[in-house]
Q: 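My structure is below; once you've seen it, I'll send some questions.
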Amino acid sequence: MGIVNVTPDSFSDGGVHVRAERAEAAARRMLDEGAVVVDVGGESTRPGAEPVSLDEELRRVVPVLEGLQGLPVSIDTTKAEVARRAATLGAVLVNDVTALRADPELAEVVAEHELDLCLMHMQGEPRTMQAAPTYSDVVADVAGFLEERLTHAVARGIPEERICLDPGIGFGKTVEQNLTLVRELHRIVALGRPVLVGLSRKSSVARTLGDSNARMASDAASVGAAVAAFHRGATLFRVHDVRTHVEALTAAAAIERGAVSA
Ligand code: HH2
């Protein structure tokens, strides 16, 4: 999953894709490089980010979605109206970082338009989530949350086969908690749905190199973390540098399988 943030303030690529044509070109390049879907988002969820209005979010993403019609697009939103517009413009997946908690109508849009759905764990909300994340057992807590949200989504009419789960790396978690979630990812995989991870350029990955104030991981460090997640059962990777991840993960997968891909 290639990341296309159409925002002025995203932590890693904020401001890069503000112009629709540039976002569209970046998305097309990611698909050429092997992304199976591009995730278009108009609201930053980085720690400390302020929410954006519906009008502003639509103003950011609609031109990009229009330019990408006919291509596999995911919409990174918490708002039913944004998802609805995206669906009418051909989006195939809704990536909701609140796991259907922010907008009670979002489940209906996903069900009605037969979209795929990513349910992600987050403790708190972006503005304040890194203040003091606390868990009794981070993996059990995240797995329990995702299981409950999966049940909720299915009860709202979204077939289980359309849903993937995401532990929400960096969303209300310390570096240690993020690393534990990846190390014990098999406990999330055990819930029985495909698991997506977003490790790309995140500060927790950067901080494994020793600088406790580092804010953005290199692509090399991001790929290392993605491969570690792959070995623990992740099958979907939300990334900035698509080519590098595709090559690294293809090589890792070939070793697992003992055969090169067709
Ligand atoms: N991470 C970010 C945003 N959306 N969605 C899922 N499912 N999983 C993630 O880990 C995830 C996500 C944050 O990264 P980014 O999009 O690069 O920055 P921002 O939120 O500032 O736009």
Side-chain angles (χ1 to χ4, degrees), residues 1-18 23 26-27 30 35-52 56-57 60-61 64 73-79 82-83 91-102 106 110 115-127 129-130 142 145-146 149-150 153 163-173 177-179 181-182 185 188 193-206 215-219 222 225-226 229 234-242 245:
M1 172 185 276
I3 302 172
V4 183
N5 286 317
V6 201
T7 53
D9 55 350
S10 290
F11 82 96
S12 59
D13 59 354
V16 176
H17 301 139
V18 193
M30 291 177 192
V36 294
V37 68
V38 283
D39 192 37
V40 176
E43 175 171 41
S44 176
T45 46
R46 77 180 198 292
E50 294 288 339
V52 298
E56 176 59 16
E57 195 175 333
R60 292 177 184 181
V61 300
V64 181
V73 169
S74 153
I75 180 75
D76 187 349
T77 191
T78 64
K79 299 185 182 75
V82 175
V92 294
L93 187 154
V94 170
N95 175 24
D96 177 13
V97 297
T98 73
L100 302 181
R101 291 177 298 159
L106 184 52
V110 173
L115 303 174
D116 291 339
L117 174 66
C118 180
L119 296 171
M120 195 197 80
H121 175 272
M122 166 164 53
Q123 185 177 92
E125 37 119 11
R127 216 162 37 79
M129 66 191 175
Q130 290 307 109
V142 168
F145 170 90
L146 291 173
R149 297 320 291 165
L150 178 62
I163 301 173
C164 70
L165 305 176
D166 182 343
I169 300 301
F171 287 84
K173 287 138 192 136
Q177 289 161 350
N178 286 315
L179 299 184
L181 277 165
V182 179
L185 201 69
I188 311 282
R193 299 306 312 146
V195 171
L196 184 150
V197 286
L199 290 154
S200 182
R201 298 187 184 166
K202 290 206 172 153
S203 60
S204 286
V205 175
R215 297 180 65 88
M216 197 169 103
S218 63
D219 288 320
S222 303
T235 49
L236 297 154
F237 305 85
R238 186 176 179 277
V239 307
H240 299 86
D241 183 345
V242 170
H245 279 82

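One-based numbering, in listed order, for ligands and for the atoms of each.
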Q: Would you say G41 touches ligand 1, if touching means a heavy atom closer than 4.0 Å?
A: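 Distance cut 4.0 Å: G41 fails for ligand 1.
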
Q: Identify, with sequence neighbours excluded, every residue that meets salt bridge (Lys or Arg N to Asp or Glu O under 4.0 Å) alongside D39.
A: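 With neighbours one apart ignored, the set is R238.
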
Q: With distance as the sole test, does K202 use its side chain to make a donor-acceptor pair with the main-chain N or O of G170 at under 3.5 Å?
A: no

Q: Verify whether the ring centers belonging to H245 and F237 lie closer than 6.0 Å.
A: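 No: the rings miss the under 6.0 Å criterion.
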
Q: Residue-level breakdown please: for C118 versus ligand 1, do any non-hydrogen atoms fall below 4.0 Å on the side chain, on the backbone, on both, or on neither?
A: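 For C118, the contact with ligand 1 is made by the side chain alone.
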
Q: Which bit of T45 gets closer than 4.0 Å to ligand 1, counting heavy atoms only: side chain, backbone, both or neither?
A: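 Both the backbone and the side chain of T45 come within reach of ligand 1.
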
Q: Below 3.5 angstrom, do we get any N/O pair linking H240 and ligand 1?
A: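 Yes: some nitrogen or oxygen of H240 is under 3.5 Å from one in ligand 1.
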
Q: Counting from 1, what ligand 1 atoms have a heavy atom of V97 closer than 4.0 Å?
A: 4 (N), 5 (N), 12 (C)

Q: For ligand 1, which part of M120 has a heavy atom less than 4.0 Å away: the side chain, the backbone, both, or neither?
A: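 Just the side chain.
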
Q: Give a yes/no verdict on whether any heavy atom in K202 is under 4.0 Å from an atom of ligand 1.
A: yes

Q: For the pair S200 (side chain) and H240 (backbone), establish whether a donor and an acceptor sit closer than 3.5 Å, ignoring hydrogens and angles.
A: yes

Q: Should you measure from each heavy atom of N5, which atoms of ligand 1 turn up under 4.0 Å away?
A: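 Here the atoms of ligand 1 in question are 15 (P), 16 (O), 17 (O), 18 (O), 22 (O).
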
Q: For the pair S222 (side chain) and R201 (backbone), establish whether a donor and an acceptor sit closer than 3.5 Å, ignoring hydrogens and angles.
A: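 It does hold such a pair.
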
Q: Polar contacts were defined as any N/O atom of the residue lying under 3.5 Å from an N/O atom of the ligand; does this apply to R238 and ligand 1?
A: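 For ligand 1, there is an N or O atom that lies under 3.5 Å from one belonging to R238.
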
Q: Test your reading of the model: is there a side-chain donor-acceptor pair from R193 to the backbone of L165, 3.5 Å cut-off?
A: no

Q: Which is it for D39 and ligand 1 at heavy atoms under 4.0 Å: side chain, backbone, both or neither?
A: neither

Q: Pick one of side chain, backbone, both or neither for how D76 approaches ligand 1, counting any non-hydrogen atom pair under 4.0 Å.
A: side chain

Q: List in chain and number order the residues that pass salt bridge (Lys or Arg N to Asp or Glu O under 4.0 Å) with R101, two or more places apart in sequence or in another chain; answer none if no residue qualifies.
A: none

Q: Rounded to the nearest 0.5 Å, what separation is found between the CZ atom of F145 and the CD1 atom of I188?
A: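 One gets 11.0 Å once the value is rounded to the nearest 0.5 Å.
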
Q: Can you name the atoms of ligand 1, numbered from 1 with element, that are less than 4.0 Å from a heavy atom of D166?
A: 6 (C), 7 (N), 8 (N), 9 (C), 10 (O)

